[in-house]
Engineer: 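For reference, the structure I am asking about is given below.
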Amino acid sequence: MTFRAPVSEYEFLLNHVVGYDSIPATDRFAEATPDTVSAILTEAGKLCDEVMAPLQRNGDLHPAHLENGVLRTSPGFADGYQAIREGGWVGISAAEEHGGMGLPQTVAVAVYEMMAGACLSLQLAPLLSQGQIEALEHHAADAIKELYLPKLISGEWSGTMNLTEPQAGSDVGALTSKAEPNGDGTYAISGQKIFISWGDNDFCGNVCHLVLARLPDGVPGTKGISLFLVPKYLPDADGNPGKANDLKVVSLEHKMGLHGSPTCVMQFDGATGWLVGPEHGGMAAMFTMMNNARVGVGGQGVGAGEGAYQHALAYALERKQGKTASGFIADHADVRRMLMEMKADLFAARAILMACARAIDMQTATGDSSWAARAAFLTPIAKAFGTDTGMRVSETGVQVYGGMGFIEESGAAQYYRDVRVTAIYEGTNGIQSMDLVARKMMDGGEMAFALIDEIEEQAERARATHPNMAEAVWQACESLREATEWLVAQQDMQDRFAGSVPYLRAFARVLGGHYHLSAAMADRGGAREKLARFYITRMLPEHAALLAHAQAGAEGTFALCLDELAG
């Protein structure tokens, strides 16, 4: 299964579409120049193409498994992870003081998206460590940072996040895991966690779990939850893995996809842990990791979609059926439509992802609250639209293959099976949409309107060279403005929630039009201008139906009673 990391696509986006030049203009990221970033992306691309992509089918055909209680990873994964380690890719955005590269999150997101396209199952392992690194950097005590961060950043140790329990899924506050003080600054952690990605492996010296649990005086709900670092092996006096902690992998989940990524049921039986952040402040600390992961998961969706697109395109360029100009199915109108939609949506989702990462970097570099608000607003859109796009593109990839897409040997179905969970990870896409229309609009829609204003201003500038496309984007933006005004005016949150998913998708559609228009202006007469015209003419108009749905309120959604739903 061949794969080519989309390095040139990222270079174009960074240099011509999302305004990356503002990042190296700051003192914090002055060394992350476009030339430096280009060299980094090129090296990461080689890792993806030559090392990770050949492991894609191994993970699917030879899943991780338990052997006498010991977790065994898929063939080649240990060597693949070692290559990731040696390249320093685990700590690409981590602080230099602990051994990281200190690069912008924008670069890290690009690298990890390319890794996801090459082998999503393996990419998950360093991605989780990256999220834990950020959480510890922001919330852990100095002693924990000094011991754990260098080992996590080097990839010698790996990290996980333990939130979900059998009775507590999205309602994290319903967890029952307990933490009892040991009297020596440590805590005894007891409870069971499920859906723990890469909860164990056979290629790292230690596995470090971030675990949510409740102290004896913790109040019910999320306000009574604390966060603990619980390693598989307790570090000895020299900081090396020592005695085994009181935790274990009970079983591995049998999943629809991502077979190479072990998803564990974890049991903690009085395991020794250390508090991260203040008592009862676990959710704030964990949200640092979750927000990092949400952007990363959006990138996973785009990456898997890129792999599916390349796979489908290769098939369409070699499959002969029917009469076409070239003799291949790529020249059938409907197959060409599918390929164009896949490519256009991937561009839009990738641009939104990069714009979100850029906002995170600018907030880090400047401390400006407006950048923080922008990053917060774009995060649920980047996560939900990125993963929705990955699913849609992967599903379409199966369709391009036709009957062969339904046959596992073709490899087309794996992309769809693997990417499907990303719409569930880190808060389902419905939860992301509800967050967008509720918490992210507590400012009265100020950030939404600021983005809308920017899009319209750019559309006005584009009228001189691309009048028709500019007008379409401007008009879509006005419709989005009206829908946003309607949403902000709704006092009953059910009226907002009932239309939150179509609203988020419509916002993403308009953002996609905005970034495609920017690409057209930068590549006049080129392939990207042609792709932009396709997106703005044929895909952007979906916003109208989506916004109509978004403004319909909750009444129709609840029109049928529960008995009528079952009837």
Engineer: Given side chains that start at C-beta, do those of K145 and E97 come closer than 4.5 Å, heavy atoms only?
Structural biologist: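 No; the side chains remain at least 4.5 Å from each other.
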Engineer: Would V421 and T263 count as a side-chain contact (heavy atoms from CB on, under 4.5 Å) here? Give the steps.
Structural biologist: CA-CA 12 Å; V421 73; T263 301; over 6 Å; no
Engineer: For residues D368 and S370, is any side-chain donor paired with an opposing acceptor at under 3.5 Å?
Structural biologist: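 Indeed, the side chains of D368 and S370 share at least one donor-acceptor pair under 3.5 Å.
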Engineer: Distance-only, no hydrogens or angles: does the E395 side chain make a donor-acceptor pair with backbone N or O of Y416 under 3.5 Å?
Structural biologist: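 No, the answer is negative, given that no donor and acceptor are paired below the 3.5 Å cut-off.
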Engineer: Regarding E86 and Q82, is there a side-chain donor-to-acceptor distance under 3.5 Å anywhere?
Structural biologist: yes
Engineer: Can you check side-chain contact (heavy atoms from CB on, under 4.5 Å) on Y515 and M354, steps first, answer last?
Structural biologist: CA-CA 11 Å; Y515 293 123; M354 287 290 95; over 6 Å; no
Engineer: Are the side chains of F3 and Q56 in touch, meaning some heavy atoms are under 4.5 Å apart?
Structural biologist: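 The answer is no, as the side chains (C-beta and beyond) never meet within the 4.5 Å cut-off.
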Engineer: Return the minimal non-hydrogen interatomic distance between A375 and C356, and the atom names on each side.
Structural biologist: O-SG, 3.9 Å
Engineer: Salt bridge or not for K46 and E43, using N-O below 4.0 Å?
Structural biologist: yes
Engineer: Under 6.0 Å from the CZ atom of R85, do we count more than 12 heavy atoms belonging to anything else shown?
Structural biologist: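 Counting neighbours around CZ of R85, more than 12 heavy atoms of other residues, nucleotides or ligands fall under 6.0 Å, so yes.
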Engineer: Is any side-chain heavy atom of M447 less than 4.5 Å from a side-chain heavy atom of K440?
Structural biologist: no
Engineer: Side chain of T26, backbone of S22: donor and acceptor closer than 3.5 Å?
Structural biologist: no
Engineer: Look up atom CG in L127 and atom CG in L122, then write down how far apart they are to the nearest 0.5 Å.
Structural biologist: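 Those atoms lie 11.5 Å apart.
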Engineer: Under a 4.5 Å cut-off applied to non-hydrogen side-chain atoms, are Q132 and M161 in contact?
Structural biologist: no
Engineer: Going by heavy atoms in the side chains, are M362 and I23 under 4.5 Å from each other?
Structural biologist: yes
Engineer: Determine whether N429 and V501 make a side-chain contact, defined as any pair of heavy atoms from C-beta on separated by less than 4.5 Å.
Structural biologist: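 N429 vs V501: side chains apart.
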Engineer: How are the rings of F507 and Y503 set to each other: parallel, tilted or perpendicular (split at 30° and 60°)?
Structural biologist: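 Ring orientation of F507 relative to Y503: perpendicular.
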Engineer: Heavy-atom distance under 4.5 Å between the side chains of R481 and D453, does that happen here?
Structural biologist: yes
Engineer: What heavy-atom pair brings G260 and W198 nearest, and what distance separates the two atoms?
Structural biologist: O-CZ2, 3.6 Å
Engineer: Taking C-beta and beyond as the side chain, do F29 and T364 meet within less than 4.5 Å on heavy atoms?
Structural biologist: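 Yes, side chains in contact.
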Engineer: How many angstroms lie between atom CD1 of I352 and atom OG1 of T389, to the nearest 0.5 angstrom?
Structural biologist: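 Between I352 CD1 and T389 OG1, I get 7.5 Å after rounding to 0.5 Å.
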Engineer: Would you call E426 and K383 a salt bridge, taking side-chain N to carboxylate O under 4.0 Å as the test?
Structural biologist: no
Engineer: So which atom in H516 and which in A532 form the shortest heavy-atom distance, rounded to 0.1 Å?
Structural biologist: O-CB, 3.2 Å
Engineer: Does R358 count as lying over the ring of Y20, i.e. NZ or CZ under 6.0 Å from the six-ring centre, within 45 degrees of the axis?
Structural biologist: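 No cation-pi geometry.
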Engineer: Within the distance-only criterion (no hydrogens, no angle test), does the side chain of H543 pair as donor or acceptor with the backbone N or O of L540 below 3.5 angstrom?
Structural biologist: yes
Engineer: Using distance alone, with no hydrogens and no angle criterion, decide if E31 and T36 have a side-chain donor and acceptor under 3.5 Å apart.
Structural biologist: no
Engineer: Pairs in or reaching into residues 425-457: which pass ring pair (Phe, Tyr, Trp, His ring centres under 6.0 Å), with residues at least two apart or in two chains?
Structural biologist: none
Engineer: To the nearest 0.5 angstrom, please state how far the CZ atom of R294 sits from the CD atom of Q432.
Structural biologist: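 Interatomic distance, R294 CZ to Q432 CD, rounded to 0.5 Å: 4.5 Å.
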Engineer: With distance as the sole test, does T396 use its side chain to make a donor-acceptor pair with the main-chain N or O of R392 at under 3.5 Å?
Structural biologist: yes
Engineer: Within the side chain of S38, is there an N or O that forms a donor-acceptor pair under 3.5 Å with the backbone of D35?
Structural biologist: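 It does not hold such a pair.
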Engineer: Do any N or O atoms from the side chain of Y112 and from the backbone of W89 form a donor-acceptor pair under 3.5 angstrom?
Structural biologist: yes
Engineer: Would you say R374's side chain and A359's backbone share a donor-acceptor pair under 3.5 angstrom?
Structural biologist: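 Not confirmed, R374 side chain does not pair with A359 backbone.
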Engineer: In Å and rounded to the nearest 0.5 Å, what is the CD1 to CG distance from I381 to D388?
Structural biologist: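 Between I381 CD1 and D388 CG, I get 12.0 Å after rounding to 0.5 Å.
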Engineer: For the pair K193 (side chain) and L163 (backbone), establish whether a donor and an acceptor sit closer than 3.5 Å, ignoring hydrogens and angles.
Structural biologist: yes
Engineer: Mind checking whether Y148 and W157 have parallel, tilted or perpendicular rings, split at 30° and 60°?
Structural biologist: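 If you compare the ring of Y148 with that of W157, the planes turn out perpendicular.
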Engineer: How many angstroms lie between atom CD of E137 and atom CG of L152, to the nearest 0.5 angstrom?
Structural biologist: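 E137 CD to L152 CG: 10.0 Å, rounded to 0.5 Å.
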Engineer: Do the side chain of D361 and the main chain of T106 share a donor and acceptor less than 3.5 angstrom apart?
Structural biologist: yes
Engineer: Shortest non-hydrogen contact from Y81 to G155?
Structural biologist: OH-O, 2.9 Å
Engineer: Just by modelled atom types, is the E134 backbone N or O under 3.5 Å from a matching donor or acceptor in the H138 side chain?
Structural biologist: yes
Engineer: Checking side-chain contact (heavy atoms from CB on, under 4.5 Å) for the pair F77/C119: CA distance, chi angles, key distance, verdict?
Structural biologist: CA-CA 10 Å; F77 272 38; C119 182; 3.9 Å; yes
Engineer: Mind running side-chain contact (heavy atoms from CB on, under 4.5 Å) on R420 and M391 for me, showing each step along the way?
Structural biologist: CA-CA 6 Å; R420 185 59 188 84; M391 291 192 303; 3.3 Å; yes
Engineer: Looking only at non-hydrogen atoms, find the nearest pair between A351 and L13 and report the distance.
Structural biologist: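 Residues A351 and L13, closest heavy atoms: CB-CD2, 3.7 Å.
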Engineer: About how many Å separate CZ of F203 and OG of S158, when rounded to the nearest 0.5 Å?
Structural biologist: 7.0 Å
Engineer: Going by atom types only, do Q414 and D418 share a side-chain donor-acceptor pair under 3.5 Å?
Structural biologist: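 The answer is yes; a qualifying pair exists.
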Engineer: Which atom names give the shortest non-hydrogen contact between A135 and L210, and what distance separates them?
Structural biologist: CB-CD1, 4.0 Å
Engineer: Do R528's NZ or CZ and the ring of F347 fall within the cation-pi criteria of under 6.0 Å and 45°?
Structural biologist: no
Engineer: Can you see whether Q310 engages E306 through a side-chain donor-acceptor pair at a distance of less than 3.5 angstrom?
Structural biologist: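 Indeed, the side chains of Q310 and E306 share at least one donor-acceptor pair under 3.5 Å.
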